[in-house]
Amino acid sequence: MWFFEERHAFLMRDRDKSATPNAGRIPRGILISAAVAGLLGVLWAGYWFGGGYLERKRDGDEIRLQLPALPDTTGWPKAFAVALRDAESKISGTRDLLQGIRDLCMLFHANGFLEEAAACYPILAERKPREPRWPYLQALLALDRGDLASGVNLLETTLALDPDAIHAMLKLGAVRAKSNEPELASEAYRSCLLLEANNPYALLGLARDRMRSDQLADAGSLLDRLVEQNPEFAPGYMLMAQLHEKRGETRKAEVALAFGEERGRYNEPPDPWMDEVMDRCYDIYRLTVRADTDTHAGRHDSAGRILDRAATLAPGDPEVLTLRGFHQQRLGKMDDAAQSFQS
């Protein structure tokens, strides 16, 4: 009996020894599955990132072939050459490629290289089809070269992407009017007034249309509203003078004309997207012209910022300093003005 008891104890000890090393182990099948899954994950990540990189590189190579050569910057401020090289550096890589093209387009546009800008914007429009700025800026270039049909199509594309872009609506209205499409012009101006009830440019455009069609009472109502809501808007008084002349009201015409002349001249509507482009301008002449325009339009902060930029780019330039002096004088900054005149 004792033999069987000893044998049973021995077998139990042997079983415990053989079981101990495997305690807590993960089954081999699960380990193999995890290893395979990990390997597949690594391979997929490599394919994903590597393939994405190669695709971006091919796209970048294709884009770079379409871009125009950089202009000769002899005689320009050094900062212009630096800005061009910075854009070129972004384009030469893959991560900042579209940012580089964006910078290059705007540099070309702002500094008068319009053919080069026209070659760049379609690349951005193709790759960022939901961005309204690119068809809008293409529209401005088309209108500059007298291509009204393309300009209209691009403006309509812009407004389909951004129905609240008042500056694009006003531009479309002006082009429609120039193309002898008064009903479509009025439609654009009315759309603008739905967003900004007393926009002076939209009211002016509608009043002109009414005068062309001899709806003088309607034109008068629109002009009364215009000058009441925008008393410093010179073109309103100028058109009102023409209306009074049509009615034979000579004295009223003279008064309206005097009011208009006192308030300055016609200026283009504010254009935030073109302002963004012009922030990349290094052409001193263009900067001074834009500053003068902003000054007459009452946009004194913008004019001052542009003149400061011009003075930084061309230190000591007498025309820039003189313009800046007059601008400071107009704002009552006599000490600053004196310093600009004496520099």
Side-chain angles (χ1 to χ4, degrees), residues 139-140 142-153 155-156 158-159 163-271 274 289-290 292-300 330:
L140 297 188
L143 296 173
D144 280 344
R145 60 178 181 266
D147 186 354
L148 300 187
S150 294
V152 165
N153 289 336
L155 287 170
E156 288 178 337
T158 301
L159 289 167
D164 295 340
I166 287 179
H167 52 290
M169 280 181 205
L170 292 172
K171 186 67 70 175
L172 181 60
V175 176
R176 291 294 196 189
K178 188 174 182 179
S179 302
N180 197 27
E181 298 174 310
E183 291 182 3
L184 292 174
S186 293
E187 182 182 327
Y189 291 133
R190 284 193 295 269
S191 297
C192 179
L193 291 175
L194 291 175
L195 295 173
E196 189 178 316
N198 294 301
N199 183 282
Y201 294 94
L203 290 170
L204 185 73
L206 285 174
R208 279 177 177 158
D209 178 61
R210 299 298 184 273
M211 285 180 64
R212 287 193 194 98
S213 56
D214 284 329
Q215 300 177 55
L216 302 187
D218 286 349
S221 296
L222 287 164
L223 288 171
D224 287 341
R225 174 178 164 190
L226 192 164
V227 298
E228 180 182 352
Q229 297 296 326
N230 306 275
E232 298 304 314
F233 189 66
Y237 296 100
M238 297 298 192
L239 191 60
M240 187 174 277
Q242 294 177 31
L243 176 64
H244 287 311
E245 285 180 357
K246 269 198 164 195
R247 289 171 165 171
E249 299 167 340
T250 305
R251 179 56 186 158
K252 288 183 178 180
E254 291 174 351
V255 171
L257 184 62
F259 271 111
E261 289 176 344
E262 182 181 318
R263 282 158 177 75
R265 65 192 188 200
Y266 177 84
N267 294 289
E268 290 295 316
D271 187 340
M274 195 59 198
V289 168
R290 194 165 183 85
D292 184 58
T293 298
D294 282 351
T295 297
H296 283 89
R299 297 191 285 267
H300 298 297
R330 182 172 298 200

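With Arg247 contributing its side chain and Leu216 its backbone, the two residues share a donor-acceptor pair below 3.5 Å. A donor-acceptor pair is defined here as one N or O able to donate and one able to accept, closer than 3.5 Å; such a pair exists between the side chain of Arg263 and the backbone of Pro231. Side-chain atoms of Asn230 come within 3.5 Å of backbone N or O of Asn198 as a donor-acceptor pair. With Lys171 contributing its side chain and Ala139 its backbone, the two residues share no donor-acceptor pair below 3.5 Å. The backbone N or O of Tyr189 sits nowhere less than 3.5 Å from a side-chain atom of Tyr201 that would complete a donor-acceptor pair.
Partners of Asp164 by salt bridge (charged side-chain N to carboxylate O under 4.0 Å, His left out), not counting sequence neighbours: none found.
Contact check on Arg225 versus Glu228 returns no salt bridge, with no Lys/Arg side-chain nitrogen under 4.0 Å from an Asp/Glu carboxylate oxygen. Note on Asp271 versus Arg290: no salt bridge recorded, every NZ/NE/NH1/NH2 to OD/OE distance being 4.0 Å or above. Of the charged side-chain nitrogens involved, none lies within less than 4.0 Å of a carboxylate oxygen, so that Glu268 and Arg299 do not count as a salt-bridged pair.
Around the NZ atom of Lys178, the shell of radius 6.0 Å holds no more than 12 heavy atoms that belong to other residues, nucleotides or ligands.
For the residue pair Gly151 and Ala142, the shortest heavy atom distance occurs at N-CB, 3.9 Å.
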(request) Take Lys252 and Leu243 through the side-chain contact (heavy atoms from CB on, under 4.5 Å) test and state the conclusion after the steps. (result) CA-CA 10 Å; Lys252 288 183 178 180; Leu243 176 64; over 6 Å; no
(request) Run the numbers on His244 and Val255 for side-chain contact (heavy atoms from CB on, under 4.5 Å), then give the verdict. (result) CA-CA 10 Å; His244 287 311; Val255 171; over 6 Å; no
(request) Would you sort out whether Phe233 and Leu203 count as a side-chain contact (heavy atoms from CB on, under 4.5 Å), showing the intermediate values? (result) CA-CA 11 Å; Phe233 189 66; Leu203 290 170; over 6 Å; no
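Remark: Gln229 CD to Asn199 CG distance equals 12.0 Å, nearest 0.5 Å.
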